[in-house]
Amino acid sequence: MTRVIGLTGGIASGKSTVSRMLATAGLPIVDADQVVRTLQQPSSQGLQALEQAFGRNIITATGELDRSALGQLVFNDDQQRNKLNRIMQPMVWNEIWQEVDQFRKQGIPWVVLDVPLLIEEHYDRDCDLVIVVAVDRAIQRQRLMDRNHLTVDQAEARIVSQMSLEEKKRHADIVIDNNGNLQKLRQQVEAVLKRLKEQ
Ligand SMILES: CC(C)(COP(=O)(O)OP(=O)(O)OC[C@H]1O[C@@H](n2cnc3c(N)ncnc32)[C@H](O)[C@@H]1O)[C@@H](O)C(=O)NCCC(=O)NCCS
Ligand SMILES: Nc1ncnc2c1ncn2[C@@H]1O[C@H](COP(=O)(O)OP(=O)(O)OP(=O)(O)O)[C@@H](O)[C@H]1O
């Protein structure tokens with residue numbers, strides 16, 4: 001039987017870093033941000049739907065999605081973000097569960113879903129274990145500014161556009177605290193892996 005681990009957190013809380021550690025330990029990962037990028041490739045149905053909803057301004061001269069332009073629109077406006085979610089989420093949902101089915105057919109024991117909107121879009125209801133990677137707001141803001149070269153205001157807009165980490169933690173079976181350094185993070189991931197082996 002395949003069991004599904006839902007891995008989530010806030011923007012720049014360290015989800016992908018944890019997911020890479022789990023992948024190194026041999027666990028297969030279904031990465032929602034990757035799935036989204038595939039669904040938004042040039043000429044895809046997804047990108048066409050986005051162009052229809054948001055206009056030519058979100059498409060680059062070479063026919064790709066202008067991620068920065070769409071980001072500006074949706075991270076500053078709840079209505080626009082909801083519109084984006086209603087277009088993308090049904091496709092993302094189908095693709096993610098199809099990938100999980102492939103792993104089920106292969107009899108893989110554990111599969112990790114790395115999904116930013118795991119709780120908001122209710123993927124957690126079909127997970128056997130939910131892990132939330134949490135970080136204090138000031139550290140989250142700083143890491144986001146550093147990684148994406150954003151101003152304080154831009155970083156804050158992205159953070160407040162998401163469900164708060166406090167709320168996400170309430171849905172977690174395991175909370176990983178990523179306020180420390182990478183070594184501290186790795187130790188917690190090791191403890192999770194040990195727990196999985198015991199189950
Ligand atoms: C808005 C877009 C173009 C911004 O692209 P960009 O390259 O700047 O960011 P990237 O895709 O790497 O996402 C970075 C992070 O932003 C946050 N984020 C992305 N989409 C959303 C959203 N709809 N709501 C809240 N947070 C989001 C997540 O924490 C994600 O990990 C892009 O994120 C997108 O198309 N998002 C919609 C698809 C979606 O629902 N993604 C979440 C998958 S569950
Ligand atoms: N413990 C840590 N110490 C220092 N830097 C860290 C630590 N954990 C993560 N980072 C850095 O913080 C940034 C955010 O981490 P990561 O990309 O893993 O977050 P994420 O939750 O996947 O973000 P997103 O939701 O935006 O995809 C990255 O630049 C990463 O290298």
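All values reported here derive from a predicted model rather than from experimental measurement. Both ligands and their constituent atoms are indexed starting at 1 by order of listing. This chain uses plain numbering: 1 for the first residue, then up along the sequence.
- For the residue pair Gln98/Asn94, the side-chain donor-acceptor check at 3.5 Å is not satisfied.
- Within the structure, the closest approach of Glu120 to ligand 1 does not fall below 4.0 Å when heavy atoms are considered.
- Note: Gln34 CD to Glu99 CD = 10.0 Å, rounded to the nearest 0.5 Å.
- Of the heavy atoms in Val36, only side-chain atoms (C-beta onward) come closer than 4.0 Å to ligand 1.
- Residues Ile11 and Val115 do not share a hydrophobic cluster, clusters being chains of Ile/Leu/Val/Met/Phe/Trp/Tyr side chains in contact below 4.5 Å.
- Ligand 1 has Lys15 within reach: a non-hydrogen atom of the residue lies less than 4.0 Å from it.
- A donor-acceptor contact shorter than 3.5 Å links the side chain of Gln154 to the backbone of Thr151.
- Taking any N or O of Arg147, backbone or side chain, none lies under 3.5 Å from an N or O belonging to ligand 1.
- Val132 and Leu193 fall into different hydrophobic clusters, defined by Ile, Leu, Val, Met, Phe, Trp and Tyr side-chain heavy atoms under 4.5 Å apart, directly or through other members.
- Each of Leu7, Thr17, Val192, Val135 was scored for a side-chain contact (heavy atoms from CB on, under 4.5 Å) with Ile176, with one residue passing: Val192.
- The heavy atom nearest to atom 22 (C) of ligand 1, considering only Asn148, Asn85, Asp31, is found in Asn85.
- Ring geometry for Tyr123 versus Trp93: interplanar angle of 30 to 60°, hence tilted.
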Starting from the C-alpha separation in whole Å, work towards a yes-or-no answer on side-chain contact (heavy atoms from CB on, under 4.5 Å) for Thr8 and Lys168.
-> CA-CA 8 Å; Thr8 195; Lys168 289 192 179 181; 4.2 Å; yes

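- Hydrophobic clustering, with ILVMFWY side chains joined whenever heavy atoms are under 4.5 angstrom apart, groups Val35 together with Leu84.
- Residue contacts with ligand 1 do not include Val92, since none of its heavy atoms lies under 4.0 Å from the ligand.
- Comment: Arg81 engages Asp78 in a salt bridge, judged by a side-chain N to carboxylate O separation of less than 4.0 angstrom.
- The option from Gln80, Arg37, Arg86, Gln34 that lies nearest to atom 12 (O) of ligand 1, judged by heavy atoms, is Arg37.
- Counting atoms of ligand 1 from 1 in the listed order, those under 4.0 Å from a heavy atom of Arg158 are 8 (O).
- Looking at ligand 1, you'll find an N or O of Gln162 within less than 3.5 Å of one of its N or O atoms.
- Looking at Val35 against ligand 1, nothing comes within 4.0 Å, counting heavy atoms.
- Counting protein heavy atoms only, atom 7 (O) of ligand 1 is closest to Arg67 NE, 2.7 Å.
- Residue contact annotation: Tyr123 has no non-hydrogen atom under 4.0 Å from ligand 1.
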Could you give me the CA-CA distance, side-chain angles and deciding distance for Asp146 and Arg143, then say whether salt bridge (charged side-chain N to carboxylate O under 4.0 Å, His left out) is met?
-> CA-CA 5 Å; Asp146 291 345; Arg143 286 184 185 155; over 6 Å; no

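- Here Glu166 does not pair with Arg137 in a salt bridge; the nearest charged N to carboxylate O distance is not below 4.0 Å.
- In terms of protein heavy-atom proximity, atom 19 (C) of ligand 1 is closest to Phe75 CZ, 4.0 Å.
- Asp177 places a side-chain N or O within donor-acceptor distance of the main-chain N or O of Asn179, the cut-off being under 3.5 Å.
- Contact residues for ligand 2 (protein heavy atom closer than 4.0 angstrom to any ligand atom): Gly10, Ile11, Ala12, Ser13, Gly14, Lys15, Ser16, Thr17, Asp33, Arg143, Arg147, Asn178, Gly180, Asn181, Leu182.
- Counting protein heavy atoms under 4.0 angstrom from atom 9 (O) of ligand 1 gives zero.
- Checking Met91, Gln72, Gln89 against atom 44 (S) of ligand 1, the nearest heavy atom belongs to Gln89.
- With respect to atom 35 (O) of ligand 1, the closest heavy atom belonging to the protein is Gln40 NE2, 2.8 Å.
- In terms of protein heavy-atom proximity, atom 1 (C) of ligand 1 is closest to Val74 CG2, 3.8 Å.
- Between the side chain of Asp114 and the backbone N or O of Ser19, no donor-acceptor pair lies under 3.5 Å.
- On a distance-only criterion, Arg81 and ligand 1 share no N/O pair closer than 3.5 Å.
- Taking 4.0 Å as the cut-off between side-chain N and carboxylate O, Glu121 and Arg86 count as a salt-bridged pair.
- Judged by distance alone, with hydrogens and angles left aside, the side-chain atoms of Thr2 form a donor-acceptor pair with the main-chain N or O of Ile108 at under 3.5 Å.
- Ligand-side atoms of ligand 1 in range of Val115: 44 (S), range being under 4.0 angstrom from any heavy atom.
- Across Asp33, Leu84, Asp66, heavy-atom proximity to atom 37 (C) of ligand 1 is greatest for Leu84.
- The nearest protein atom to atom 16 (O) of ligand 1, hydrogens excluded, is given as Ile11 CD1, 3.4 Å; this is a heavy-atom distance.
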